[in-house]
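In what follows, a single structure is set out as structure tokens and then discussed.
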There are 2 protein chains.
Amino acid sequence: MDIYHGSIVYSKSKDELAQFTDSYIAVENGVVEGIYPVLPEKFAGAAVTDFGNGVIIPAFSDLHVHAPQYPQRGIAMDALLYDWLHGYTFPLESKYADPEFAKTVYDAFVDDMIAHGTMHAVVFGTIHSEATGYLIERMENAGLHAYVGKVNMDMESPDYLCETAEDSLRLTEEFLERYMGNRTAKPILTPRFAPTCTFELMKGLGKLGQKYQVGVQTHLVESRWEAEESVRLYPECGCDTGIYEHAGLLGNGPVVGAHFIFPKEDDIRILKKYGGYAVQCPDSTLNIIAGIMQTGTLMDRGVNLGFGSDIAGGANLGVYSQVSRSVQLSKLKEFYEPDGNRTISFAEAFWIGTKHSGELFGKVGSLERGYQFDALVIDGLADPFHELTPAELVERFCYLGETGHIRARYLAGREI
Amino acid sequence: MDIYHGSIVYSKSKDELAQFTDSYIAVENGVVEGIYPVLPEKFAGAAVTDFGNGVIIPAFSDLHVHAPQYPQRGIAMDALLYDWLHGYTFPLESKYADPEFAKTVYDAFVDDMIAHGTMHAVVFGTIHSEATGYLIERMENAGLHAYVGKVNMDMESPDYLCETAEDSLRLTEEFLERYMGNRTAKPILTPRFAPTCTFELMKGLGKLGQKYQVGVQTHLVESRWEAEESVRLYPECGCDTGIYEHAGLLGNGPVVGAHFIFPKEDDIRILKKYGGYAVQCPDSTLNIIAGIMQTGTLMDRGVNLGFGSDIAGGANLGVYSQVSRSVQLSKLKEFYEPDGNRTISFAEAFWIGTKHSGELFGKVGSLERGYQFDALVIDGLADPFHELTPAELVERFCYLGETGHIRARYLAGREI
């Protein structure tokens, strides 16, 4: 039994934070046993790690991140999207044909993700099996909960990043067979997005999804262009999300659609039907501005939500920054498009970034009894001249926190 | 003579960054003497401080910040503005009647500002002379370039923060007389904004401005409400900025108008006429969303611009974060209001946050010969797997930098 003393904050419900000061959290075999204002007699002999005024919170989940774009974070952010993709992103992604290059980047990426307090992630690799294999192994060995995908793209892509449908499917099946048995970091199908995939490829991926019972991640209705282009390419599917349903890609495991800014009614209906997650990437939204997700409305309609750092469309790996940025974007959305949109509260945003998105991976993202103790200890944000509640300190962390404010990190009860 | 070795970046012009790798910057009596790719013979005997791959950049200027709101940063950011002001801000500001409380906050504020790389600032105090006096003395003693103001407000304010015009003017004159002779941290007139000031007070302040030749800071056309309310109260002035001109407050020294989001043509004309600065507060804009400044358009029309952290409307003291956020906001502005608005480049935003806003204080904000060596050394942002230019590292710093990435800080050539 491990006992930690300090303040404790987690999401009690969608719009309420539970907070405890001067309390104890007991962890048994990496799982939360309970929270106590006074240490019970039964734990009298146990060692107590004292974090004083530190606040213990759940670790965050990043539901959309391009690991191979890590080298590009915070560079040429004022370039036009086409120039950014063709001048930086695609040439960079092609480098992952070299496993040695991939290794150095992915080591740095995983370390930095942990430094930022993220312990669960849905991750894009590249089309390269070996490089993406290294990434998934690295995350598995670290014990991080993850879904990692080898990317599929077989049309409308630069020559040096374009596969044939046949090769793409063969390599993907090999990837699935190799990593399906993983304990925490599992494979996920990853068609880049509809405009870069033939329907032959999509259907083939759907068959693999059904055969191996694995889910899918992709970009969904990120821009008006994508929403329209998808329907133009696949008119019989009715909407962007419909393409994945027609291809048999939904219902086999987690469904993760990044951005989801311009959904039609059918996109929402289909995503909801399969319990899919719509992933807002607030930082990326501000950099590659093509509209703002209607977070409040989608939440009220029961669509599952999560946040993504979207490295390198976003520059910040910290999901805690995305929590505050999402509150800000909801205000902007309401200001510019008041009809049917509402500002979300900090409590709602924190819930999305921890407990709610954590459900995608299992019992993580909360500090309630029975949850895996994936936790951060936040410190150094209190003021000497007045007292703040633990929940206020957590809000402050999400608004102006730095990695240096994370004093300790626990993954399945083990300090890392 | 002090010599520093490393990379060097500063704004060569409005839209171009000068960058040097593996170079030397020579500093004499706190002022930049020159930049050299190879150390000249004449400096052969001088000691060289080697920052290796660190990037030396100018320190930043914060043109709008409420020092007394420092305790409130990152708290209740999802509250409605009225609740935020009346539930948090005004009660907090009233505490500065206690000089001891003020002392502990202002000490922490100034230290944190320096930690964030800001060495020049235009600062709101409260209505309290003694507390604001402590703040200006603290900044003067630190050698920071600043304009600091005792706030004036004599109507439409909570009782506990409302002065009579007579008291307000008397206390302000005493404040000016006491601190006018300061070397770097000087007083500035600070009517909170038109809706909280009688015209008697405004005119009285105008007379003080003319008598002592001191400038003015205030909030200008921050919201549609403010723009309209000002004209309703003072119809003969035509526009918000016109009130200050009628009161004789412009033309006596620096003119600093925070936010400037909803200017009429006359606001722009008058601000330009007096060389006034329109201060964008990007973080604050995202929190208290009431529109977005048209930065690109104002820049193209020759209006002086600066950035403000606007603590606690903004939560982040780092002006470097405001630089990147301003690029993002210019994209949002162009997306939602394409007519006449344009995205600004990173180089333009960096110029605003350093060289251009530095001009308000004198020869600071650049590393060209003759500028005071107020500088930061940025480090820890390079990647092991590819080389980035110094300018790319600076952009990355502005997008994802933390105080920990500032390895050293120099003020007038002295490390602090």
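Proteins come first, then strands; the chains are lettered A, B, ... in the order of their sequence lines, and each starts at number 1. Keep in mind that this is a model prediction, so the values were computed, not measured.
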Given that the side chain runs from C-beta out, which part of [X] has a heavy atom under 4.5 Å from chain A: side chain, backbone, both or neither?
{"X": "B/I344", "value": "backbone"}
{"X": "B/S330", "value": "neither"}
{"X": "B/Q72", "value": "backbone"}
{"X": "B/F346", "value": "both"}
{"X": "B/T343", "value": "neither"}
{"X": "B/D383", "value": "side chain"}
{"X": "B/E337", "value": "side chain"}
{"X": "B/V327", "value": "side chain"}
{"X": "B/P384", "value": "neither"}
{"X": "B/Y70", "value": "both"}
{"X": "B/F385", "value": "both"}

Between A/Y399 and A/Q328 the two heavy atoms that sit nearest each other are CE2-NE2, 4.0 Å

For A/Q322 and A/P282, the nearest pair of non-hydrogen atoms, with its separation, is OE1-CD, 3.3 Å

Query raised in the report: Can you find a pair of side-chain heavy atoms, one from A/K14 and one from A/M299, that are under 4.5 Å apart?
Result: yes

Please examine the side chains of B/S326 and B/M293, heavy atoms only from C-beta on, and report whether any two atoms are closer than 4.5 Å. no

Pair A/Y106-A/Y134, ring-ring contact (aromatic ring centres under 6.0 Å, His included): steps then yes or no: CA-CA 8 Å; A/Y106 290 155; A/Y134 180 80; 7.1 Å; no

Honestly, the part of A/T285 sitting under 4.5 Å from a heavy atom of chain B is neither

**Asked** Yes or no on side-chain contact (heavy atoms from CB on, under 4.5 Å) for A/L135 and A/V110, after CA distance, side-chain angles and deciding distance?
**Response** CA-CA 8 Å; A/L135 176 60; A/V110 172; 4.2 Å; yes

task: Using atom types as modelled and distance alone, determine if a side-chain donor or acceptor of A/E395 lies under 3.5 Å from a backbone N or O of B/M77.
output: yes

Ranking B/G74, B/G291, B/A108 by heavy-atom pairs under 4.5 Å to chain A gives rank one to B/G74

Interface check, chain A: of B/L317, B/L329, B/I292, most non-hydrogen pairs under 4.5 Å belong to B/I292

**Message:** We want to know whether B/T118 and B/H116 form a side-chain donor-acceptor pair, criterion being a heavy-atom distance below 3.5 angstrom.
**Reply:** no

Next item on the list: Give me the ring orientation class for B/F101 and B/Y96: parallel if the planes are under 30° apart, tilted from 30 to 60°, perpendicular past 60°.
Entry: perpendicular

